[in-house]
Every structure is written in structure tokens, then in C-alpha cells.
Engineer: 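Mind having a look at this structure? Questions to follow.
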Amino acid sequence: MKIVFMGTPDFSVPVLEKIIEAGHQVGYVVTQPDKAKNRGKKIQHTPVKEKAIENNLIVLQPEKVRGNVEFLDKLKEYNPDIIVVVAYGQLLPIEVLELPKFGCVNVHGSLLPKLRGASPIQQAIIQGEEKTGITIMQMAQGLDTGDMLTKVETTVDHKNATELQKELSELGAKLLVETLALIEDGKITPEKQDDEKSTYAKLIFKQDGKIDFSKSPMEIERLVRGFDPWPGAFCMYNDVQMKLWRTKPLEKKTNQPDGKILEVSNQGIEVSCGGGVLLIEELQVPGKKRVTVEDYLRGNKLEINQFLK
RNA sequence: CGCGGGGUAGAGCAGUUGGUAGCUCGUCGGGCUCAUAACCCGGAGGCCUCAGGUUCAAGUCCUGACCCCGCAA
């Protein structure tokens, strides 16, 4: 099929790869504009752009899609059969949604109608979902409200967001290619989403990673996993930011105040929270890399009875 | 030219006003012990990121490069 691909971050890349592998013709790859971000001021290409260049595909980076006549004309001229959207980062106007013969399809990282929105993968972990997955839907106006075409499930287990995202991204890529074939053959029956059952995964902000030690060990552990690698769950120790990267809830109860350091050993740091105890196994302080508590303790001191805040 | 921290033994850190490097852990050998992630004794292991410069002398000062990381976006 003649395809226009729209996507931006790492999550989108495997999907683009699979589309190319499957032999589809990708006329345009649309991704967010390069921005002078990161340390220094380096301008960085989006992961999708990198992959597109690698495959000699034409890249478009409209600042805004909505009301962009020039962009719309290019799409019309190419006349794609379908537009595939994976974490593109902009809402598409109706003119674009209805332009291709088969419309626009979106690869979304949750089992819709659950977790519509910007951070389905992280939220699935944070909310303690047992399973999540990929839903491919026919895009409609509205945020992730379109009719569902195909789905694939997986378990959350103890995966962190990095692992889960990678897995879902690959599952999604595979499913998309299969779905494209079904669409082409007219063998799909779209299924409406039950709006009553829908939930939202709101956009994550840095500050959301601040740990609240009044929460239960399990909740904090899920936050740590869900926010790996971004923005990271953190707390303060002696006015220094400490990011936690791996923790484990223990089967202990305590009546110590929240955030108190109860025990320090090579196994980790035991901290009281919400009446329970959380074992911190891997952490990171500013300017340093992630290290296990064992490594951290070789050159740093950490006093019992002090508090993490 | 966004702000800032850092690159020193396998690991994590120290290193004072510049004088050829220390600590903790690990590792190797020995000892004590019923036993030990315990304790004691001893040993190995460092082109101090790289390249220039200042100096009698540089991990320590200056310049440049490469790499890692926190903040901010």
C-alpha cells in the first residue's frame, strides 16, 4: 500500500521498520520538527527521522499540521492509501483524517478504551494493571476515541517502562503489518469503544516523579518502574536529589514515621513508607550514574534514622 | 554558544596552600574459628580520560579535545 507514516519517539521506530520490511511504499515520513534541546544546545533529530534517513525516505516536519495548506497539498498529491500514526505528537485535523482511502490508523499502547491519552504505558505500570497491550484503531476526532480494529495483549509483570515500551512497540509493529493486510482485504470489523469504561493516562510531568513516602511500598515501587527512564522517581536525602531506579516492597510492617531509613546494608536501604517497608536496591545522585546500593556505599555514607523526603 | 557536576586500582569515593597517590569493598595468600558476607596478618593491582602549556616539580594551575551525568527544555 501507499503509506504516509507519522511518528516521533523510539516507540514509533519499530513500526516504521516493519512497514518498510513488509514492502509497503512509504511516500512520506512525518515527524516533529528538530529542536535545539538537550544539554549544550545540540539539535537532535527525532528517532523516527533517523530511521527515515537511514532508509532514504522523504521526511516532513511541519511545525503545525492543523491549517497547514502546503502540508495538506503534499499529502493530497501523494494520495496515500492509508496514514499510520504512532506517537506523532500532534492532533490531526479532520481534513487529514479523511484524506486517505482507508483513513488514518493509530497504534496505541494500551487496551482501549482503558488508558487513552499520552502515557498509557507508564500509567499501566503505575496503576498496577496486570495486563496491557496494543490497540490499533481507526482514528477519529477526539483523543484516542476511534473504533478499534485489532488488539494484542501482554502482561505487565515486573517490567519497567523501558522494557514494557520496547515490548509493546515490537508487538505493535507486528500487529500493524497484519492489520494493514486485513484492511486491504476488507476483513476487519471495527468495534466501537465503550466510552463508559474509558480512562485517561494524563501527560507526565517531571514533578510527578516526586516520591510520597506516605504511600505504600507497592505504590512507590510501581512509580519507580513506571517512570524509568523518564522522568525517574526521586526523593531528597540531605538536600540532594536521589533518584530511585530499583526497589522492592518488603513483607514487613512498621510504625516508624514515613521516609525514615531503618536499615542500610549491601542488600539495600530499608525505608519506612505507609506503614510498610521499601527496600531500595539501585539509586542515582546528581552527576553520577545509576549504581547499586552496594556500590554506592563503598564511597558514600548513608546514616540510619535519617529521612528521605 | 542555556546552567552545573564529573572522568584517580575491578567497584564506589578521598586527595589539603602543586612535591612521583590514599580509603572502603572486592581480589590473591596466610591465620583464627564447628562455622561465617565475621575477625587478624600480608600481597597484587593506578600512562591519576587524552593532547599541549606553565614549573626544578602537576592528579593538583592554564588551554584544547573526547566521554559520562544532574537541571532546564
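Chain letters run A, B, ... following the sequence lines, proteins first, then strands; residues in each count from 1.
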Engineer: Taking only residues two or more places apart in sequence or in another chain, which ones pass ring-ring contact (aromatic ring centres under 6.0 Å, His included) with Tyr78(A)?
Structural biologist: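 Tyr78(A): ring-ring contact (aromatic ring centres under 6.0 Å, His included) contacts with Tyr28(A).
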Engineer: In chain order, what residues pass the side chain to side chain donor-acceptor pair (under 3.5 Å) check against Thr145(A), with sequence neighbours excluded?
Structural biologist: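 Thr145(A) satisfies side chain to side chain donor-acceptor pair (under 3.5 Å) with no other residue.
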Engineer: Which residues within residues 296-306 of chain A lie with some heavy atom under 4.0 Å of an atom in RNA chain B?
Structural biologist: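 Tyr296(A), Arg298(A), Gly299(A), Asn300(A), in order of number.
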Engineer: Could you list who else is in Leu262(A)'s hydrophobic cluster, with ILVMFWY side chains joined at under 4.5 Å, directly or through other members?
Structural biologist: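 Leu250(A), Val277(A), Leu279(A), listed by chain and number.
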Engineer: Side chains of residues 62-73 of chain A: which donor-acceptor partners sit under 3.5 Å, not counting sequence neighbours?
Structural biologist:
unit_1	atom_1	unit_2	atom_2	d
Asn68(A)	OD1	Glu70(A)	N	3.4
Asn68(A)	OD1	Phe71(A)	N	3.0
Asn68(A)	ND2	Lys64(A)	O	2.9

Engineer: Scan residues 259-270 of chain A against RNA chain B and write down, sorted by residue number, each residue with any heavy atom closer than 4.0 Å; if none is found, say none.
Structural biologist: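 Within residues 259-270 of chain A, the residues near RNA chain B are Gln267(A).
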Engineer: What side-chain donor-acceptor pairs closer than 3.5 Å can you find for residues 101-108 of chain A, not counting sequence neighbours?
Structural biologist:
unit_1	atom_1	unit_2	atom_2	d
Asn106(A)	ND2	Val85(A)	O	2.8
His108(A)	NE2	Ser110(A)	OG	3.2
His108(A)	NE2	Leu115(A)	O	2.8

Engineer: Which residues pass the side chain to side chain donor-acceptor pair (under 3.5 Å) test with Glu163(A), not counting sequence neighbours?
Structural biologist: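 Side chain to side chain donor-acceptor pair (under 3.5 Å) list for Glu163(A), sorted by chain: empty.
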Engineer: Under the 4.5 Å side-chain heavy-atom rule for ILVMFWY, direct or indirect, which residues accompany Met137(A)?
Structural biologist: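 Met137(A) shares its hydrophobic cluster with Leu112(A), Met148(A).
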Engineer: Test of understanding: with side chain to side chain donor-acceptor pair (under 3.5 Å), list the residues that count as partners of Asp239(A), not counting sequence neighbours.
Structural biologist: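 For Asp239(A) there are no side chain to side chain donor-acceptor pair (under 3.5 Å) partners, ignoring immediate neighbours.
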Engineer: Just the table, please: protein N/O against nucleotides 67-69 of chain B N/O, every pair under 3.5 Å.
Structural biologist:
unit_1	atom_1	unit_2	atom_2	d
C69(B)	O3'	Gln284(A)	NE2	3.3
C69(B)	O2'	Gly287(A)	N	3.3
C69(B)	O2'	Lys288(A)	N	3.4
C69(B)	O2'	Lys288(A)	O	3.1

Engineer: Quick one: list whatever passes salt bridge (charged side-chain N to carboxylate O under 4.0 Å, His left out) with Lys76(A), sequence neighbours left out.
Structural biologist: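 Listed in chain order: nothing, the list is empty.
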